[in-house]
Structures are given as C-alpha cells and as structure tokens.
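The figures here come from the full heavy-atom set of this structure, side chains too, leaving out hydrogens, waters and symmetry mates. Quick note on labels: first sequence line is chain A, next is B, and so on, each numbered from 1.
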2 protein chains.
Amino acid sequence: MHMHHTDELILDPICACTALRKASRAVTRLYDEALAGSFMSIVQFSVLRHIAREGQPELMRLAEKLVMDRTTLYRALKPLEQRGWVALSDAAGRAKHVALTPAGEAALRAATDAWRGAQARLLGSYGAAEWARMQAGLARLVALSGGLSA
Amino acid sequence: MHMHHTDELILDPICACTALRKASRAVTRLYDEALAGSFMSIVQFSVLRHIAREGQPELMRLAEKLVMDRTTLYRALKPLEQRGWVALSDAAGRAKHVALTPAGEAALRAATDAWRGAQARLLGSYGAAEWARMQAGLARLVALSGGLSA
DNA sequence: TGATAATTGATGCATATGCATCATACCGAC
DNA sequence: GTCGGTATGATGCATATGCATCAATTATCA
C-alpha cells in the first residue's frame, strides 16, 4: 500500500471546526440561493429576524445573540441602514439601539416566504427529529465554546 | 401579555442555516485562539491538512473537498504560497496542482499539536459519542445541500 | 477536423469575519 | 469628586466568502 511521507499528519480524526464550517458553507449557499430574489443574504435575513424578535435591542446584545463579533455586526448593519430597513438610535454616549423600519418589516416578511421554502426543503430531507437533535447540539457547542474561549 | 407588531414574523422555528453559522463562528473562535501561536488560522490549517491528506490535489478537487468556492480557495492559497508553505504547479493551460513544501509540512506538524488541544477540549466537553453523531449529521447536510442547490 | 460545450484559473465587486486599537462614556470604589 | 476599570462604538487591517465575468484550455461530438 502506497504511503505519503506526510501520513503522520493525517492520522488525527476529523476537525470539528472544519466539519462545522463545511456544513455552514454548504447550507449558506442553499439559503442564499433561496433568498436571492429577496435581495438579501441569509446573514442579512438573520440579522433582520433577530432584530424583529428582540424588538429594539442594543447593538451589543444583538451581537451576542447572533454570536457575532461586535464590529462585524456594526458593519453588517450599514447596508441595511442604507436601504432603510433598520434605524439606529444615536443616543449620544449611550448604547445604541437598532429597530426595524416599516420597509425593513416588509422586506423581512417578503423574504420569509423564500426562507421557509429553503428550510422546508432542507429539513424535509434531513428529517425533523434528527434536526431537532442537531439544533440542540449546535446550541450546546456555542455555549461550550463561549465557556472554553472566554 | 405584550405583543410586538412584528410578532407574525417570528413564529417560524429556528433557522437551520443561522444555527449552523452561529456554531461555526463560536467554534472557529476557539480554534483560532488555539492556533494563534502557530501563525495560522483554522481555515489555513484546514487547507494545509487537506493538501497533506490528498497529496498533490488539483485545485478544483481540493475546493470540492473543502466545500469552498473555487475562487475563495485560490485566494486563500496566496498567503500560504507567499510564506512558502505550499507550491502550485503552473503547468501551462492544464489544471494546477498544489502541494505542501517542507516548510508547509513543518508548519502543519507544529500547528497540529495546538489543534489537537482545542479539539480535545471541545469534544471532551461535548462528548465523543454525541460528536460522532453530529459529525455524521453535518456530512449529511453537506451532501443534501449539494443535491438541493445544484 | 471543426464547431461547440465544459472545465479551469483569474479578477472585480461586495460583503463577512474577527483582531487590535482608539476614543468616549459609564460605573464603582475610595 | 476623582481615579481606574469596564462597556461601547468606530476604524484600520487582513483575510474569508461567493457571485459574475472573462480568458484560455480541454473535451465532445457531429
């Protein structure tokens, strides 16, 4: 049997992070395709949806919920603000809040149909029960990672 | 009970893509921290590891294995090439191959220790058996997404 | 063989991602 | 009230991500 001279490098098991990132990329592609007609990415959809869910969250609180770096969120909000989908409070010196505008609500509502289609297709194939377990596992990974890194 | 006027937007279940991306970000942070001393990110580690595993893969083949867009991989390789960790064949007109250089092998070997630590910490907390199931599910999501999107 | 299709690499564009850093504002201890 | 620590937002930097597009090359088939 042929052996590479780097074989000792590949005896370790699959990288958990890499496996997650691969799945994340593959599924992101699927959802982005579904949302293309709604003129937003799944990332933007996710941000809008979290804002809708939270009401008028502080930026930091929103970043935590999204498991995003602060600065990543701040800049992700800019195109949404430019399109008039979200509005930032500029309370001087205090934590800013972000809220959906009516246009943002309309955009989110319209995109939700496309999103629901992608979600149904994927989870219909994957299996709802299996997905429930996966979802719980993913949430646990987030919690664990927070504890292990911070 | 207080109701937001956007309540009808948030009745849908959790977004599978968003859940994956959150976990991906959280775990990426963990692994990037662990690899910081090795002067590479988990993405770069992942690319190097796949090259080691494949030998001298064609760029396209490598991108598929990594579930990456072609162009993302091409550009991810540039800093690795500049550091002398990988070498690209420039066979005129034909598919290029990429291979680890001795320096690349050394860097990968050195980083593998740090990686193994992060992996052990995370999976030790998460549970090896549960992780095996998660890993199988992630692979299935990749396969399903490929089928559903292409 | 010659036209056409598929593959591959490269680049422009836009956004995503997170770290380090800075400035400001807030808060708690004293 | 002041000082020091913390929280928050902003920005520079580097890389990640993927789409659209173009050029060149290879494969296919009539």
* Note, B:Val43 side chain near B:Met68 side chain (heavy atom, < 4.5 Å) ->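 Yes; the side chains approach each other to less than 4.5 Å.
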* To do: Please list, chain by chain and in numerical order, all residues satisfying salt bridge (charged side-chain N to carboxylate O under 4.0 Å, His left out) with A:Glu130, sequence neighbours excluded.
  =>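 Per chain and number, A:Glu130 pairs via salt bridge (charged side-chain N to carboxylate O under 4.0 Å, His left out) with B:Arg133.
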* With sequence neighbours excluded, residues passing salt bridge (charged side-chain N to carboxylate O under 4.0 Å, His left out) with A:Arg70 ->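 With sequence neighbours excluded, A:Arg70 shows a salt bridge (charged side-chain N to carboxylate O under 4.0 Å, His left out) to no residue whatsoever.
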* Looking at the side chain of B:Met60, which of D:dG18, C:dT8, D:dT8 is the nearest nucleotide? ->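 For B:Met60, the side-chain atoms sit closest to C:dT8.
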* Compare the minimum distances between each of D:dA16, D:dC19, C:dT15 and the side chain of A:Arg83, then state the nucleotide with the smallest one. =>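 Nucleotide nearest to A:Arg83's side chain: C:dT15.
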Phosphate oxygens OP1/OP2 of [N]: is one of them under 4.0 Å from a side-chain N or O of [X]?
X	N	value
A:Arg21	D:dT17	yes
B:Tyr74	C:dG9	yes
B:Lys96	C:dA10	yes
B:Arg70	C:dA10	no
B:Ser41	D:dT15	no

* To do: Considering only NZ, NE, NH1 and NH2 on the basic side and carboxylate oxygens on the acidic side, decide whether B:Glu105 and B:Arg109 come within less than 4.0 Å.
  =>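 So B:Glu105 pairs with B:Arg109 through a salt bridge.
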* **Partner residues of B:Thr71 under the side-chain hydrogen bond (donor to acceptor under 3.5 Å, both in side chains) criterion, sequence neighbours left out** =>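 In terms of side-chain hydrogen bond (donor to acceptor under 3.5 Å, both in side chains), with neighbours along the sequence ignored, B:Thr71 is linked to B:Asp69.
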* Mind checking side-chain hydrogen bond (donor to acceptor under 3.5 Å, both in side chains) for A:Ser46 and listing every partner two or more places apart, or none if nothing turns up? =>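 With neighbours one apart ignored, the set is B:Thr18.
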* To do: Just grab all the salt bridge (charged side-chain N to carboxylate O under 4.0 Å, His left out) pairs involving residues 13-28 of chain A, residues at least two apart or on different chains.
  =>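 Not a single pair qualifies under salt bridge (charged side-chain N to carboxylate O under 4.0 Å, His left out).
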* **Net bend of the helix from C:dT1-D:dA30 to C:dC30-D:dG1, end axes of five pairs each, nearest 10 degrees** =>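 Inter-axis angle at the ends, rounded: 30°.
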* Between B:Leu20 (CG) and C:dA16 (P), how many Å, whole number? ->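 Rounded to whole Å, this separation is 18 Å.
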* **Within residues 76-87 of chain A or reaching into it, pairs that qualify as side-chain hydrogen bond (donor to acceptor under 3.5 Å, both in side chains) - sequence neighbours excluded** =>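 As it turns out, there is no side-chain hydrogen bond (donor to acceptor under 3.5 Å, both in side chains) pair with a partner in residues 76-87 of chain A once direct neighbours are skipped.
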* Want to settle it: does B:Asp69 or A:Glu58 sit nearer the 5' end of DNA chain D, counting the closest nucleotide to each? ->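 Nearer the 5' end of the strand: A:Glu58.
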* On DNA chain D, nearest-nucleotide positions of A:His97 versus B:Gln44: which is more 5'? ->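 Going by which nucleotide is closer to the 5' end, it is A:His97.
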* To do: Show which residues join B:Val67 in its hydrophobic cluster (side-chain heavy-atom contacts under 4.5 Å, direct or indirect), or state none.
  =>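 Members alongside B:Val67: B:Val142.
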Distances under 3.5 Å between nitrogen or oxygen atoms of protein and nucleotides 12-14 of chain C:
residue, atom, partner, partner atom, Å
C:dG12, O6, B:Arg75, NH2, 2.5

